[in-house]
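One-based numbering, in listed order, for ligands and for the atoms of each. Predicted, not measured: the structure shown is a model, and the values here were computed from it.
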Amino acid sequence: MSATVAIARVLLPAGLEQLQQRFEVRIGGLDAARERVLELVHDADVLVADPAVPVDEQLLDAAGPQLKLVANFAVGYDNIDLEACAGRGVLVTNTPDVLTNATAELALALSLSAARFLSDAESDLRQGRWPGWDPAAYRGLELSGAVVGVIGLGRIGTRYAELCRGFSSELVYASPTARPEAERSLGARRLELEELLGSADFISLHAPSRPDTHHLIDAAALEKVQPHAVLVNTSRGPLVDLDAVAAALDEGRLGAAGLDVYEGEPQVPESIRAAPRAVLTPHIGSATVKARDGMARTVAANVIAVLEGREPPNPVAI
Ligand code: GLV
């Protein structure tokens with residue numbers, strides 16, 4: 001009897017077809033409600049999850065003791081209760097590397113577009129609010145020559161820093177561990193978080209969502225930033241207190257924001273949707289053909305390895 005793989009929502013064909021050729025595959029669909037996922041996972045050997053699927057005790061219980069692997073279709077795995085998985089002997093895998101460049105490029109795009117107020121400018125034009133060329137209007141910041149502060153210099157943060165280096169930005173970073181290689185190759189200087197917040201023109205978040213990074217950017221952090229600073233978040237929503245960012249934008253204490261991820265998504269608070277100088281995208285950091293197909297293939301490679309009794313290529317350390 002072939003093994004059963006339960007895909008809580010969807011997996012793109014680049015990975016799905018490989019699984020369908022080998023295993024019995026159940027698919028919840030993009031809109032699968034929690035009840036449906038609880039049902040779907042029953043007796044499965046593998047669960048394929050994604051950032052919108054909380055994998056907790058209840059879901060693991062619903063699966064049953066035969067569950068071997070939770071393969072996350074994402075590099076971040078804050079949707080998964082790692083301890084609950086470890087307690088049951090369930091492996092967890094993710095999809096690193098293949099989305100590094102796509103996500104860093106979106107962070108760069110948000111940096112540039114927020115710094116030039118592109119959402120406000122475009123919406124003024126579309127709504128017929130453009131009175132004509134005005135030398136004083138929409139004057140933003142240039143990335144070239146700016147101090148770019150990278151919070152979290154892992155794979156994506158490092159790639160973002162490399163891209164900014166192409167714009168001759170001055171690079172600083174905050175990280176729990178020093179990155180001597182990046183310091184050498186990128187000329188990046190390590191600062192304490194407070195110092196980075198106070199000196200950077202651009203602040204880009206590339207840290208995982210964990211209890212110690214929850215609301216890393218809150219009202220107190222925003223008091224420290226320069227009033228022209230541009231905040232960019234392509235990591236995870238819970239790192240940022242959105243109401244505090246909206247208030248700082250409203251009151252002119254923050255120059256601009258480029259956000260791709262939100263606490264409690266897909267709900268996005270009215271405060272930030274109404275805030276000026278904010279470019280808001282719907283969690284599309286890894287949304288390129290190359291990255292998303294690569295992620296689907298990586299999910300399949302992890303599932304196939306585990307079900308064939310081999311070590312998965314991308315285990316998440318617990
Ligand atoms: C997407 O958000 C990811 O973590 O891969």
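Looking at residues two or more places apart in sequence or on another chain, you find no salt bridge (charged side-chain N to carboxylate O under 4.0 Å, His left out) involving Arg297. With sequence neighbours excluded, the residues that form a salt bridge (charged side-chain N to carboxylate O under 4.0 Å, His left out) with Glu251 are Arg253. Considering only residues two or more places apart in sequence or on other chains, Leu307 meets the side-chain contact (heavy atoms from CB on, under 4.5 Å) condition with Ala3, Val5, Phe23, Asp45, Val46, Lys68, Val303.
Evaluated for a side-chain contact (heavy atoms from CB on, under 4.5 Å) with Asp260, the options Leu280, Thr103, Thr234 yield exactly one hit, Thr234.
Protein residues with any heavy atom under 4.0 Å from ligand 1: Ala74, Val75, Gly76, Leu99, Arg236, His283, Met295.
One finds no salt bridge joining Arg159 and Glu105 here, because no Lys/Arg side-chain nitrogen approaches an Asp/Glu carboxylate oxygen to under 4.0 Å. A salt bridge links Glu194 with Lys224: at least one charged nitrogen is closer than 4.0 Å to a carboxylate oxygen.
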